[in-house]
Novice: 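There's a structure below that I have some questions on.
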Amino acid sequence: MTTIATPSSTSGPASTEPSVAQTWGLVARFANPADLVHAAHEVRKTGYRYWDCHSPFPVHGIDPAMGINRTILPVVVFAAGATGCTLGFLLQAFTNSFGSSIWALVWVTGYPFMISGKPLLSVPAFVPVMFEVTILFSALTAAFGMLAFNQLPELYHPLLKHPGFGRATDDGFFISIEARDPQFLRSKTGEFLKSLGASSVEVVES
Amino acid sequence: MSASSTSSHAVPASGMDNTTETPGERAPLVLGTGDFHTVTNQVCRVTEHPNVPMAWYIAFGVSLALLGGLGVAVNYLIFTGVGVWGLNNPVMWAFDITNFVFWVGIGHAGTLISAILFLFRQKWRTGINRFAEAMTIFAVICAGLFPGIHIGRIWFAYWLFPIPNQMEMWPQFRSPLLWDVFAVSTYFTVSLVFWYIGLIPDLATLRDRAKGTIQQFAYGLFALGWRGSARHWHRYEVAYLLLAALATPLVLSVHSVVSFDFAVSQLPGWHTTIFPPYFVAGAIFSGFAMVVTLAVPARELFGLKDLITIRHLDNMNKVILVTGCMVGYAYSMEFFIAWYSGAPYEQFTFINRAFGQYWWAYWIMVSCNVITPQLFWFKKVRTSIPAMFALSLFVNVGMWFERYVIIVSSLANDFLPSSWDQFIPTWVDIATMLGAFGLFGVLFLLFCRYLPMIAIAEVKGVMPQANPHWDGYAKGHCAHGQCSHGHQAHGHDSHGQHGGAPAGSKPAFQDPRPGQP
C-alpha cells in the first residue's frame with residue numbers, strides 16, 4: 001500500500017507549488033471514525049462549504065457532524081410507488097375490463113374478459129399485480145434515485161486518481177476540502193486540517 | 001469461552017466460541033482481528049488470489065457437466081415437445097413445477113437475510129447476506145427457466161406479458177399464473193437491484209486494490225465511481241433501508257402468489273387457505289438450509305471462518321429449526337382440516353398422500369423436514385459442522401419432495417378414479433432437474449471467484465471499532481465537545497441510523513451547499 005506523504009512535503013510555500021487552478025483541493029487522513037467525526041464537526045463549524053468525508057463504511061454521527069440534510073429520496077420513492085400502483089390498475093382495467101381503444105395514442109384496444117362470471121372490473125383480482133408493480137417502481141426509484149442524487153456514476157474524479165486515497169474503501173478515514181470553497185487557502189486550510197489531528201494532509205491535483 | 005472473558009479492547013481470538021452471549025455484552029461477530037484492513041484482505045484475497053482451490057475446479061467441472069445436460073434436455077424438449085417428459089393426462093405438472101417452486105423457495109432465504117433481518121437489526125446478517133443474496137438471484141434464474149420451458153410452444157412465451165400485438169390479445173389478469181409472472185419477475189429485478197446496490201462499495205474496494213488493468217476497468221465500471229463520500233453514504237443508507245422495507249413484503253407476496261397457483265384451483269390437496277403462510281415458511285426453511293449447505297464449504301475453502309463464524313451458522317440453524325416446526329405444524333394442520341372439513345375427496349387425498357402410491361415421497365418429506373431438524377434443539381448439533389451440513393442436505397431433499405408430493409400426488413389421484421394415473425419421470429425430467437443444479441452451481445462458483453462473497457463495508461460497520469464512541473477511542477475526544485451535537489443513537493447497525501432521525505427534525509446545522517436534494 002502506498003503510504004501518504006507527510007504534510008510538509010506537499011503543502012509547503014505556495015510559490016513552489018503548481019498554480020491554484022490546477023489544485024482540486026486538500027485531502028486529510030484521520031486515524032479512526034472518532035477522529036473523523038470530531039474533525040468533521042470542526043470543519044463545519046469553521047464554515048467550509050465544499051468539503052466531504054470519505055470512509056469505508058457509513059460512520060455514526062457523521063451526518064449531524066457535517067450538517068447533512070435528510071434526503072428527499074423517500075418522498076420520491078413514495079411518488080413512484082403511487083404511480084406504479086395506479087399504472088398497475090390502469091393496465092389491468094384497460095386490458096381486461098373494457099373494450100376501450102386508445103388508438104389516438106397507440107393502436108391497441110382493450111378486451112372485456114368475462115371469466116367465471118366475475119365482474120368486468122374485479123378489483124380484488126387485480127390487487128396482486130398492482131402490488132407487484134408498486135414494489136417494482138418504488139425499488140427501482142430507490143436505487144436509481146439514490147444514484148442520481150449522488151451524481152453517480154461519476155467514473156472520473158480527481159480524488160479517485162489521488163495516490164493513497166484508495167484506502168478510503170479499505171481502512172482510511174478522509175476529509176477533503178475543495179479549492180473552490182471561498183474559505184480555501186492552501187496553507188491555512190492545510191494547517192487547520194493538521195491541527196484537527198490529521199495524520200497527513202495532501203494536495204489533490206485536478 | 002464467551003465474550004465476557006475478553007475485554008472490549010482485546011482482539012477476539014480466531015476460532016473462539018462466540019455462540020454464548022453474556023448479558024450486557026455482545027459476543028463478537030468478527031474474529032481474529034481488530035482492524036478493518038484485515039477484513040478487507042480476508043474477503044478480497046479470494047478474488048485476487050491467482051490460484052483457486054482444486055475443490056473449486058472440481059465443483060465447477062461437475063456443475064458445467066450438469067449444465068451441459070440441461071442444455072441437451074431443454075433443446076430436446078423444445079424441438080420435440082413436452083411429451084418427452086413423463087407427463088400424462090391427470091399429471092400435467094410434475095418435475096417442472098416442482099423445480100420451479102423449489103428454486104423460488106430457495107431464493108427466499110436470501111431476501112429474508114438481506115431485508116427482514118436488516119429491518120430487525122440483526123447484525124449477524126452482515127457475514128452471510130452477500131452470498132445469500134447471490135443465491136437468491138441464481139435460484140430465481142433457475143426457477144424462471146421452468147415456467148418458460150413447460151409451456152410447450154416456447155416461441156409463444158411472450159404471451160405471458162401484456163405486449164400490444166396485432167391479434168389484440170391480452171393476458172388474463174384474474175389468473176394466479178399471471179400474478180406469478182409479475183411476482184417472480186419483480187422479485188428477480190428487485191433482488192438484483194438490492195444485491196447490486198449492496199455491492200457498489202465493495203466493488204470500489206476491489207477497484208482500489210486491483211493490480212491489473214482489466215480488473216481495474218471492470219470493477220471500476222461497476223463501482224460507478226464510488227468514493228465513500230459521507231454525503232453519498234447518507235442517501236445510500238436511506239435507499240438501502242427503503243429497498244429492505246420494499247423487499248420484505250415482496251418476498252412474502254412472491255411465495256404467497258406461487259401458492260395461489262395451487263390454492264385458487266379446485267383440486268383436493270391444493271384448495272387450501274393455509275397455503276400462503278405454509279409456502280412462505282417452507283421457502284425460508286429450504287432457503288436457510290441451502291445457505292448452510294453453501295456457507296459451510298465456502299468458509300472452509302476460502303478461509304472465511306473468522307467472518308462466517310460458528311455463531312452465524314448457529315443462528316441459521318435456529319431459523320431452520322423454527323421454520324421446520326412451522327412446516328411440520330402446517331403438515332398436521334392440513335390433515336386436521338381435511339378430516340374436519342368432512343369433504344370426502346379432501347380426506348381421501350390426504351390419506352392417499354401418506355399411504356397411497358406416493359407414500360415413499362411423503363415419508364421422505366416428513367422425515368427430512370420435520371423429524372431430522374429436531375436435532376437442532378441440541379447446541380452440539382447446531383454448532384457441529386458435519387452435523388449441520390448433513391441436516392441441511394436432508395432439508396434440501398425434503399423440501400424438494402414436499403413440492404413433489406403436493407403437486408404430483410394431488411394430480412395423480414383426483415376426483416375420478418377412472419382418470420387416475422402414475423407419474424414416472426423420464427431421463428429428460430431428471431437431466432433437467434440436475435441441470436438446474438448445474439446452472440446454479442456454475443453461477444454461484446463464478447460469483448465466489450470474481451465478486452466479494454462477504455459484504456465488506458457492512459461487516460466493518462458492525463465491528464466495535466466502527467463506532468466513534470467505542471471505548472478504545474474514548475480518551476480525549478469527547479473533551480473536544482463533538483459529543484454535544486446530537487448523536488441520535490450509537491452503535492446499533494451499520495445502516496439506517498442516519499436516516500433514522502425523526503421525520504421533520506432538522507439537524508442542528510444545515511448543509512449550506514445549494515441544490516443537494
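Below, each value reflects all heavy atoms present in this structure, side chains not excepted, and no hydrogens, waters or symmetry copies. Just so we're on the same page: letters track the sequence lines, and every chain starts at 1.
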Novice: What residue, out of B:Leu224, B:Val257, B:Val254, B:Ile197, has the most heavy-atom pairs lying under 4.5 Å from chain A?
Specialist: B:Leu224

Novice: Find out whether A:Leu147 and B:Ile200 are in side-chain contact, i.e. whether some heavy atom of one side chain is under 4.5 Å from a heavy atom of the other.
Specialist: yes

Novice: What's the shortest heavy-atom distance between A:Ala139 and B:Val193, and which atoms?
Specialist: O-CG1, 4.4 Å

Novice: So for A:Leu36, is it side chain, backbone, both, or neither that comes closer than 4.5 Å to the heavy atoms of chain B?
Specialist: neither

Novice: For the interface with chain A, which of B:Gly220, B:Pro171, B:Pro162 has the highest count of heavy-atom pairs at distances below 4.5 Å?
Specialist: B:Pro171

Novice: Roughly how far, to the nearest 0.5 Å, is the CG atom of A:Leu160 from the CH2 atom of B:Trp226?
Specialist: 12.0 Å

Novice: What I want to check is whether the side chains of B:His234 and A:Asp63 have a donor and an acceptor closer together than 3.5 Å.
Specialist: yes

Novice: Which one of B:Leu250, B:Asn41, B:Leu178 has the most heavy-atom pairs closer than 4.5 Å to chain A?
Specialist: B:Leu250

Novice: Please confirm whether the ring centroid of A:Phe57 lies under 6.0 Å from the ring centroid of B:Phe36.
Specialist: yes

Novice: Roughly how far, to the nearest 0.5 Å, is CG of B:Asn467 from CG of A:Asn32?
Specialist: 11.0 Å

Novice: For A:Pro119 versus B:Arg174, what's the shortest heavy-atom pair and its separation?
Specialist: O-NH2, 3.3 Å

Novice: Among A:Tyr156, A:Phe144, A:Phe126, A:Phe131, which residue has the highest count of heavy-atom pairs closer than 4.5 Å to chain B?
Specialist: A:Phe131

Novice: Roughly how far, to the nearest 0.5 Å, is the CD1 atom of A:Ile68 from the CZ atom of B:Arg231?
Specialist: 5.5 Å

Novice: Could you tell me whether a side-chain N or O of B:Thr205 sits under 3.5 Å from a main-chain N or O of A:Asp170, the two making a donor and an acceptor?
Specialist: no

Novice: Identify the two heavy atoms, one from A:Asp52 and one from B:Ala230, that lie closest to each other, and give their separation to 0.1 Å.
Specialist: OD1-N, 3.4 Å

Novice: Quick one: what part of A:Phe137 sits under 4.5 Å from any heavy atom of chain B, side chain, backbone, both or neither?
Specialist: neither

Novice: Given that the side chain runs from C-beta out, which part of A:Phe113 has a heavy atom under 4.5 Å from chain B: side chain, backbone, both or neither?
Specialist: both

Novice: With a 3.5 Å distance limit and no angle check, can you tell me whether A:Asn96 reaches the backbone of B:Phe173 through a side-chain donor-acceptor pair?
Specialist: yes

Novice: Please examine the side chains of A:Ser138 and B:Leu242, heavy atoms only from C-beta on, and report whether any two atoms are closer than 4.5 Å.
Specialist: no

Novice: For the interface with chain B, which of A:Ser122, A:Ala148, A:Ala168, A:Gly145 has the highest count of heavy-atom pairs at distances below 4.5 Å?
Specialist: A:Ser122

Novice: CZ/B:Arg235 to CG/A:Leu73 distance, rounded to the nearest 0.5 angstrom?
Specialist: 9.0 Å

Novice: Over all heavy atoms of both residues, which pair between B:Gly225 and A:Leu152 is shortest? Give the atoms and the distance, please.
Specialist: O-CD2, 3.9 Å

Novice: Under the 3.5 angstrom rule, does the side chain of B:Trp170 hit a backbone N or O of A:Phe94 as a donor-acceptor pair?
Specialist: no

Novice: Sort out for me which of A:Thr95, A:Leu91, A:Leu155 touches chain B most, counting heavy-atom pairs under 4.5 Å.
Specialist: A:Thr95

Novice: To the nearest 0.5 Å, what is the distance between CD (A:Glu132) and CH2 (B:Trp179)?
Specialist: 11.0 Å

Novice: Is there a side-chain contact between A:Arg167 and B:His37 (heavy atoms, below 4.5 Å)?
Specialist: yes

Novice: Under 4.5 Å, counting heavy-atom pairs only, tell me which of A:Ser55, A:Ala142, A:Gly166 racks up the most with chain B.
Specialist: A:Ser55

Novice: Determine the option with the most heavy-atom pairs under 4.5 angstrom with chain A, choosing from B:Met169, B:His232, B:Lys460, B:Arg207.
Specialist: B:His232

Novice: Does A:His54 use its side chain to pair, donor to acceptor, with the backbone of B:Arg227 at less than 3.5 Å?
Specialist: yes

Novice: More than 12 non-hydrogen atoms from neighbouring residues, nucleotides or ligands closer than 6.0 Å to CZ on B:Phe222, yes or no?
Specialist: no

Novice: Which pair of heavy atoms, one from A:Pro56 and one from B:Ala457, lies closest together, and at what distance?
Specialist: O-CB, 3.5 Å

Novice: To the nearest 0.5 Å, tell me how far B:Ser175 OG sits from A:Ile115 CD1.
Specialist: 8.5 Å

Novice: Can you tell me which portion of A:Pro128 sits under 4.5 Å from chain B's heavy atoms? Options are side chain, backbone, both or neither.
Specialist: side chain

Novice: Run the side chain to side chain contact (heavy atoms under 4.5 Å, CB included) test on A:Ile135 and B:Val190 for me, step by step, so that the C-alpha distance in whole Å, both residues' side-chain angles and the decisive distance to 0.1 Å come before the verdict.
Specialist: CA-CA 8 Å; A:Ile135 297 284; B:Val190 173; 4.3 Å; yes

Novice: Need one label for B:Ile456: side chain, backbone, both or neither, based on atoms under 4.5 Å from any heavy atom in chain A.
Specialist: neither

Novice: Which atoms of B:Thr189 are under 4.5 Å from chain A, going by heavy atoms: the side chain, the backbone, both sets, or neither?
Specialist: side chain

